[in-house]
Amino acid sequence: AKVCELTGKSALVGNTVSNANNRRRTRFLPNLTSKRLYVPEIKGFVTLRLSKRALRSIDKLGGVVPACRRYQKTLSAKLQKLLRQAA
């Protein structure tokens with residue numbers, strides 16, 4: 001599934017509208033990328049499928065674990081387990 005593991009962003013459905021006002025159904029997908037990040041709290045790496053916005057949030061908040069605490073309601077099972085290990 002095309003879902004960000006941190007923020008829970010997923011595909012949206014809408015219309016592509018032409019200049020002649022013709023409407024066509026389309027899916028707007030999140031900008032996902034696989035990223036291998038180091039987590040000092042567990043002294044290891046973790047591979048996550050994140051949106052580019054989530055990567056910026058991780059940089060701003062100072063790491064994966066603080067970002068997980070911020071986005072606790074939308075975490076994937078993998079990140080919930082990581083958060084429990086880090087605590």
- Members besides Y38 in its Ile/Leu/Val/Met/Phe/Trp/Tyr cluster (side-chain heavy atoms under 4.5 Å):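 Via sub-4.5 Å side-chain contacts, Y38 links to F45.
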- Message: Between L79 and K81, does the side chain to side chain contact (heavy atoms under 4.5 Å, CB included) criterion hold? Intermediate values first, please.
- Response: CA-CA 5 Å; L79 283 178; K81 183 177 175 183; over 6 Å; no
- With a 4.5 Å heavy-atom cut-off, do L50 and L37 have their side chains touching?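 Side chain of L50 against side chain of L37, heavy atoms only: contact under 4.5 Å found.
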- What do the steps show when you test L48 against V46 for side chain to side chain contact (heavy atoms under 4.5 Å, CB included), and what is the final call? CA-CA 6 Å; L48 300 171; V46 63; 4.0 Å; yes
- Task: Heavy atoms only: give me the nearest P30-K2 pair and the separation to one decimal.
- Result: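 In this case the closest contact between P30 and K2 is CG-O, 3.7 Å.
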- Item | With N22 via side chain to side chain contact (heavy atoms under 4.5 Å, CB included) - residues at least two apart |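 N22 satisfies side chain to side chain contact (heavy atoms under 4.5 Å, CB included) with S18, A20 once adjacent residues are dropped.
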- Query: Partners of R23 by side chain to side chain contact (heavy atoms under 4.5 Å, CB included), sequence neighbours excluded?
  - Reply: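 Testing R23 for side chain to side chain contact (heavy atoms under 4.5 Å, CB included), a comparison that skips the adjacent residues, returns N15, V17, N21.
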Rounded distance [0.5 Å steps], [atom1] in [X] versus [atom2] in [Y]:
{"X": "Q80", "Y": "Q72", "atom1": "CD", "atom2": "CD", "result": "8.5 Å"}
{"X": "C68", "Y": "L83", "atom1": "SG", "atom2": "CG", "result": "5.5 Å"}
{"X": "L6", "Y": "R49", "atom1": "CG", "atom2": "CZ", "result": "14.5 Å"}

- Message: Let me check something: do V3 and L32 share a hydrophobic cluster, defined by ILVMFWY side-chain heavy atoms less than 4.5 Å apart, either directly or through other members?
- Response: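 No, it is not one cluster - the side chains of V3 and L32 are not joined through contacts under 4.5 Å.
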- Would the number of heavy atoms belonging to other residues, nucleotides or ligands and lying under 6.0 Å from NZ of K52 be above 12?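 No, not enclosed.
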- Task: Please name all residues satisfying side-chain hydrogen bond (donor to acceptor under 3.5 Å, both in side chains) with T7, sequence neighbours left out, ordered by chain then number.
- Result: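 With sequence neighbours excluded, T7 shows a side-chain hydrogen bond (donor to acceptor under 3.5 Å, both in side chains) to no residue whatsoever.
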- Query: With sequence neighbours excluded, what pairs up with S76 under the side-chain hydrogen bond (donor to acceptor under 3.5 Å, both in side chains) test?
  - Reply: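 For S76, the residues satisfying side-chain hydrogen bond (donor to acceptor under 3.5 Å, both in side chains) (neighbours in sequence not counted) are E5.
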Tell me which donor-acceptor pairs under 3.5 Å the side chains of residues 54-67 have, and how far apart each pair is, sequence neighbours excluded?
unit_1 : atom_1 : unit_2 : atom_2 : d
S57    : OG     : R53    : O      : 3.2
S57    : OG     : Y71    : OH     : 3.2

